[in-house]
Structures are given as C-alpha cells and as structure tokens.
Colleague: 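Would you mind keeping the following structure in view while I ask a few things?
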Amino acid sequence: MKTNKTTNILCLDGGGSKGIYTLGVLKEIETAAGKPLCEIFQLIYGTSTGSIIASMLALGYDVDQIKQKYLQLIPPIMKCYGSGRKSKKLRKLGEEIFGEKKFDEFKTGIGIIATNYNTQKPLIFKNDVARAHGTKSSFIPGFGVTILDAVEASCAACPVFSKKTLKTENKEELVAIDGGFIANNPTLFALIDAKKALNLENSEIKVLSIGVGNYIEKPLHRLHKVISWFEMGQIASRILVASSNTTEVVTKLLFPELSITRVNDTFNEPQYGTNMLESKIKKLNTMYRLGIESYATHEKEILETFNFN
C-alpha cells in the first residue's frame, strides 16, 4: 500500500501499574493535538498494560477518562493476593470498560501483543486484513475474540497473573501469556506490519514509542526474603524491562533512518521507587506527573516530528 501522507504509529510498553506514567505523557500529547489520539495515530500498538491504554484510545476514549479508570482499576487488582484473584479482578473490572466489544469497533488500526504459551511465538491481535502476513483469506479481526479477551491475554504476566485460555474462531483453543515476555515494547512488530504488510516507505512512517519510566525497583513483597513466588514475580518484572530495552536497541540498529521518538525517562531518586504492582494512589499520581515532566523534556522533538493539524 503506497500513500501520499505520513502514517503515525503509537507504541505503548507493558509494565503493570507503571502504565500510569504513559498516561501522563499521552495527556500532554492529546492537549497539544487538540483532538482524540485515535484521530492522530493511524496505528496503535500496546503490550500488557499498554494494551489496555491502546484499546481505550483506539475506541475513542480521551486520556482523562482512561486515567480515571486506571485509578479505579489498579488498587483493587494489585492488592489481590494470588494470580487467580488478580486475573478474576482484572476480568470483572475490564467488563465494565470493554463489555463484549469486538475488534470491529475500533476507530483506528490496533495491534495487541500477547505470547502463545503453547508455541512460544508472538500472538498479535489486529483489526484489519491489510496487516495480515499470509493467510489473508482466513483472517478474522482479533481471531474472533473480544477486546477484553485479547487484553487479558496481553496482561497475563505469569506468575503474577494467570495464563489466559482463548477460544478463537480460526486458531481453535490456545493458551496465552503476557506479551511482554516476547515484546514488552511493541515497536518492532508495528514496524514489521508497516513496512512488510503495508509496504510503507521510510518517509511515510513516524513512530512515537512510550515506556513506563525506569525507577528503583521495590521488592514485590517485603516479608519474603528467599526464592519464592514473589521473587519469581520480581524476575518476571525484570524480564519485561529487559525486553523493552532490547527492542529499543535493536530498533535503532535495524531502522536508523526511520523517525522514531522514544519517551522512557529514568528516575533514580529513592522517593520514586516502585514496581509493577504499585497500588498506592499517591505514588500512582506521582508517576502520572513524572510522565507529564517527560513530555516536557521531549516536547520539542515530538512537536517537530508529528503533525497534529
């Protein structure tokens, strides 16, 4: 597909509660654009917590609405003890947002990243056949599952959350886990779709990639000091960060000529220490504010790169 205009791509990292930082960045972008972000970005990709934000943006939610939902979602989910309870709470609260909506209700192109647990390969939920790589005749948006099912799959960060069983229309039943284990930063998958499936030229692509910020990592549970379920959770958290960092490095090496803006600042001050299970409203609001500050740091590059008119 050849076009005469730029395709703006938004990519959102995973990171549990820390996704509130992403919303701080997005709020300023939305304000600068003066319109819904689904009208600015032709493609929005998200992994794990980024998939929740991406889905809500692609449905037409504004950032204030998403922030309000996040502050309602995060504390009750992250305070649950055990992966099963966390997953059930995510499902219950997610139903209030997405209901039974399917992929044909999105207002812009979307990609939700999960991992096929059975094959250890990427599982990417999309809403248009143009971005299918082969088997176009059997393409079904989102493999026929609901938006909530896809989001749950993308967020299934074992052992913190449970695996997600999916009954797809064209891939039968499969088990999925968090997309962060394969691409916590979804930028490479977005670029593969843009260049290989849509055949876009480098000059037609502009990417804004937003992380969740880097902080001093607090233990997931202060009472467990030996190898345990909680330490495994902390290892999972580090794997997600490593995945994001690897994608950032590889993307720069593979596509040095592309216009890619990355916002993912580091905050090493002890008072900002947190983890993917953060549930304190005060700390969540602090991370949101840090996202706003990060936008200010990158504002000139963002405004020079993206045409919000």
Side-chain angles (χ1 to χ4, degrees), residues 12-22 46-53 70 73-95 112-125 145 148-167 173-186 211-247 273-280 283-284 287:
L12 307 177
D13 284 20
S17 302
K18 293 181 284 187
I20 199 76
Y21 164 92
T22 307
T47 299
S48 198
T49 194
S51 77
I52 300 175
I53 299 171
Y70 250 64
L73 285 170
I74 290 175
I77 292 173
M78 298 312 185
K79 286 178 180 178
C80 285
Y81 183 87
S83 59
R85 290 186 179 92
K86 280 186 172 63
S87 293
K88 287 180 181 178
K89 182 64 74 172
L90 173 62
R91 176 74 189 186
K92 181 179 179 180
L93 296 177
E95 287 174 346
I112 294 176
I113 315 301
T115 303
N116 187 320
Y117 182 76
N118 304 103
T119 64
Q120 298 86 56
K121 292 182 178 181
L123 179 64
I124 307 177
F125 302 85
V145 305
L148 178 56
D149 284 332
V151 165
E152 287 183 278
S154 186
C155 292
C158 301
V160 181
F161 288 82
S162 301
K163 304 180 189 73
K164 175 66 179 179
T165 299
L166 295 165
K167 295 182 179 179
E173 185 173 287
L174 54 86
V175 178
I177 58 174
D178 196 290
F181 293 122
I182 205 160
N184 201 51
N185 174 347
V212 296
N214 299 297
Y215 317 86
I216 295 173
E217 189 79 6
K218 288 177 13 183
L220 289 179
H221 198 283
R222 62 184 178 84
L223 298 179
H224 292 253
K225 297 182 180 179
V226 296
I227 293 177
S228 63
W229 184 95
F230 292 99
E231 187 163 347
M232 288 301 294
Q234 188 136 8
I235 291 171
S237 178
R238 290 179 176 272
I239 289 172
L240 301 185
V241 173
S243 174
S244 284
N245 292 341
T246 298
T247 295
T274 190
N275 57 52
M276 64 185 291
L277 301 185
E278 185 63 65
S279 62
K280 296 179 180 178
K283 182 60 68 67
L284 295 171
M287 285 191 283

Colleague: Please identify each residue that fulfils side-chain contact (heavy atoms from CB on, under 4.5 Å) with Lys88, with sequence neighbours left out.
Modeller: none

Colleague: Under the rule for salt bridge (Lys or Arg N to Asp or Glu O under 4.0 Å), what residues qualify as partners of Arg91, not counting sequence neighbours?
Modeller: Glu95, Asp149, Glu152

Colleague: Who are the side-chain hydrogen bond (donor to acceptor under 3.5 Å, both in side chains) partners of Ser17, not counting sequence neighbours?
Modeller: none

Colleague: Judged by atom type as modelled, is there a donor-acceptor pair below 3.5 Å linking the side chain of Ser48 to the main-chain atoms of Gly180?
Modeller: no

Colleague: Going by the rule side-chain hydrogen bond (donor to acceptor under 3.5 Å, both in side chains), which residues pair with Thr22 if we only count those two or more places apart in sequence or in a different chain?
Modeller: none

Colleague: If we ignore hydrogens and angles and just use 3.5 Å, is the side chain of Asn185 paired with the main-chain N or O of Gly211 as donor and acceptor?
Modeller: no

Colleague: With sequence neighbours excluded, what pairs up with Tyr215 under the ring pair (Phe, Tyr, Trp, His ring centres under 6.0 Å) test?
Modeller: Phe267

Colleague: Checking Lys164 side chain against Ala176 main chain: does a donor-acceptor pair fall under 3.5 Å?
Modeller: no

Colleague: Taking Thr47 for its side chain and Asp13 for its backbone only, find out whether a donor-acceptor pair lies under 3.5 Å.
Modeller: no

Colleague: Between Phe125 and Leu166, is any pair of side-chain heavy atoms under 4.5 Å apart?
Modeller: yes

Colleague: Considering all heavy atoms of both residues, which atom of Ile20 and which atom of Met287 are nearest to each other, and what is their separation?
Modeller: CG2-CB, 3.5 Å

Colleague: Is any side-chain heavy atom of Lys218 less than 4.5 Å from a side-chain heavy atom of Glu278?
Modeller: yes

Colleague: Minimum heavy-atom separation for Ser83 to Pro159, with atom names?
Modeller: CB-O, 3.3 Å

Colleague: Applying side-chain hydrogen bond (donor to acceptor under 3.5 Å, both in side chains), can you list everything that pairs with Tyr70, at least two apart in sequence or on another chain?
Modeller: Thr49

Colleague: Got a sec, which residues hit side-chain contact (heavy atoms from CB on, under 4.5 Å) with Gln120, two or more places apart in sequence or on another chain?
Modeller: none

Colleague: Side chain of Asn116, backbone of Leu123: donor and acceptor closer than 3.5 Å?
Modeller: no

Colleague: Minimum heavy-atom separation for Ile113 to Pro186, with atom names?
Modeller: CG1-CB, 3.7 Å

